[in-house]
Amino acid sequence: MSDLNSQLNGKKIAILATNGFEQSELLSPRSALLEAGALVEVVSLERGDITAWDENQWGERVTVDRVVSEADSAEYDALLLPGGLFNPDTLRQDSEAKAFVDGFFSAGKNKPIAAICHGPWLLAEINKLRDRKVTSYPSIKTDLINAGANWVDQEVCVDEGIVTSRSPADLEAFNRKFIEEIKEGVHRHH
C-alpha cells in the first residue's frame, strides 16, 4: 500500500440512498472513499437532502448530488448501497433506482458493488444474488436465500466484486474490502 490518499484517484463512486438510510453506513464508507481519493456522489429519488436514520431516531441530512432518473451507471466505477430499514425498501419499489443498480451489471461483467445490512435487499430484488456468496443483516437472510444467494454469517464477504457486510459493526472491514475491489476494477462472471 503506497499512498493511501491516492489509491482511488480518478474513480467515481455512486451512493444510492434515500430517506431512512442508516447514518453510519453512508457516512463511514463515504469518508473512507474520499480519503482514498475517489469522487463520491449521492444519488437519490429526488433533489435536495435526504435524512439519515441513526440507530433509533432521525439523524443527519445529506445533500443529493444527482437524481436517479438523470444518473447513468456508465459514469461510475462502483456503487455503494447503505442499509437502514426504510431506505432499501423504498428503493426496491422504484423502477428507476432498480434500473440504475442493474446498470452496474452488464454484458457478463460487473463493477464493484458494496451493500451492507439491509442494502443487499436491492440486489435480491433485481435478481443478482443467484449463486452468489453474501451476508447481510440477519433479518433479511431468508429473503436473500430465497433469491438464490448462498448466505454466510461473516464480517465481510466478497464474491466477484459484490462486497457485503452485516451491520455498522463491520464497517471497517467493509470499507477496506470495497476500496480493494474498486482498485481491482471490473469483475468478469465465470
Side-chain angles (χ1 to χ4, degrees), residues 1-19 21-47 49-50 52 60-84 87-88 91-92 94 96-106 109-123 126 128 132 134 136 156-165 168 170-188:
M1 307 283 265
S2 52
D3 184 12
L4 275 177
N5 298 332
S6 59
Q7 42 183 350
L8 296 187
N9 275 2
K11 300 285 189 186
K12 188 173 177 187
I13 320 301
I15 300 178
L16 180 63
T18 186
N19 289 312
F21 65 88
E22 186 66 45
Q23 184 162 300
S24 60
E25 295 171 5
L26 187 154
L27 298 184
S28 163
R30 181 170 72 170
S31 49
L33 291 164
L34 291 170
E35 262 171 50
L39 179 66
V40 183
E41 289 192 345
V42 174
V43 177
S44 191
L45 303 177
E46 42 205 47
R47 285 173 214 291
D49 291 338
I50 51 176
E60 289 185 36
R61 297 170 78 93
V62 169
T63 302
V64 173
D65 298 301
R66 193 80 67 96
V67 184
V68 73
S69 55
E70 296 167 10
D72 179 359
S73 57
E75 284 182 38
Y76 299 97
D77 296 292
L79 174 66
L80 171 70
L81 299 172
N87 165 62
L91 292 171
R92 72 193 186 126
D94 185 275
E96 286 172 326
K98 288 190 286 193
F100 179 69
V101 176
D102 199 52
F104 286 82
F105 298 85
S106 63
K109 51 185 195 288
N110 62 282
K111 295 177 181 178
I113 294 178
I116 184 166
C117 201
H118 292 83
W121 235 356
L122 257 161
L123 301 175
I126 60 169
K128 296 300 182 193
R132 287 310 199 37
V134 295
S136 70
V156 63
C157 177
V158 184
D159 186 342
E160 290 183 18
I162 296 181
V163 180
T164 49
S165 283
D170 301 329
L171 275 164
E172 200 176 314
F174 177 73
N175 295 347
R176 192 169 57 239
K177 274 285 177 227
F178 187 32
I179 287 170
E180 273 173 32
E181 290 297 302
I182 298 167
K183 274 168 61 182
E184 284 177 23
V186 164
H187 286 250
R188 297 200 169 277

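Starting from 1, each residue takes its place in the sequence as its number.
In this structure, the separation between CD1 on Ile162 and CZ on Arg132 is 4.0 Å, given to the nearest 0.5 Å. The CD atom of Glu160 sits 7.0 Å away from atom CG of Asn110, with the distance rounded to the nearest 0.5 Å. In this structure, Glu35 CD and Ile179 CD1 are separated by 8.0 Å, a value rounded to the nearest 0.5 Å. One finds the CG atom of Leu26 at 4.5 Å from the CD1 atom of Ile15 (value rounded to the nearest 0.5 Å). Atom CG of Asn19 and atom CD1 of Ile50 lie 6.5 Å apart (nearest 0.5 Å). A distance of 9.0 Å separates CG of Leu79 from OG of Ser73, quoted to the nearest 0.5 Å.
Judged as a side-chain hydrogen bond (donor to acceptor under 3.5 Å, both in side chains), and not counting sequence neighbours, the contacts of Lys177 are Glu180. When the side chain to side chain contact (heavy atoms under 4.5 Å, CB included) test is applied to Leu34, the partners found at least two apart in sequence or on another chain are Arg30, Val40. Scanning for ring pair (Phe, Tyr, Trp, His ring centres under 6.0 Å) contacts around Phe104 gives Phe100, with sequence neighbours left out.
Of all heavy-atom pairs between Ser24 and Pro29, the closest is O-CD, 3.4 Å. Scanning both residues, Ala115 and Pro120, for their nearest heavy atoms gives CB-N, 3.7 Å. Pro82 and Leu16 make their closest contact through CD-O, 3.3 Å (heavy atoms, listed as atom of the first residue, atom of the second, distance). The shortest non-hydrogen separation linking Gly161 to Glu181 is CA-OE1, 3.4 Å.
Contact check for Thr164 versus Ser136: no side-chain heavy atoms found under the 4.5 Å cut-off. Here the side chains of Cys117 and Glu25 are in contact, with some heavy-atom distance below 4.5 Å. Residues Asp102 and Lys128 have side chains in contact (heavy-atom distance under 4.5 Å, counting atoms from C-beta outward). Taking the side chain as every heavy atom from C-beta outward, Leu123 and Val101 approach each other to under 4.5 Å. Two residues are said to be in side-chain contact when any heavy atoms from C-beta on lie closer than 4.5 Å; Val156 and Val163 meet this criterion. You'll find the side chain of Leu122 reaches within 4.5 Å of the side chain of Arg92, heavy atoms only. Contact of the Leu27 side chain with the Val62 side chain is registered, since non-hydrogen atoms from C-beta on lie closer than 4.5 Å. Proximity of Leu91 to Phe21: side-chain heavy atoms (C-beta onward) are nowhere separated by under 4.5 Å.
The closest donor-acceptor contact from the side chain of Asp94 to the backbone of Leu45 lies at 3.5 Å or more, if one exists at all. Checked by atom type and distance alone, the side chain of Asp77 never pairs as donor or acceptor with a backbone atom of Ile13 at under 3.5 Å. One N or O on the side chain of Lys111 and one on the backbone of Tyr76 form a donor-acceptor pair closer than 3.5 Å. Side-chain N or O atoms of Gln7 include none that pairs as donor or acceptor with a backbone N or O of Lys183 at under 3.5 Å.
Under a cut-off of 6.0 angstrom, the local environment of CD in Glu46 is sparse, with at most 12 non-hydrogen atoms contributed by other residues, nucleotides or ligands.
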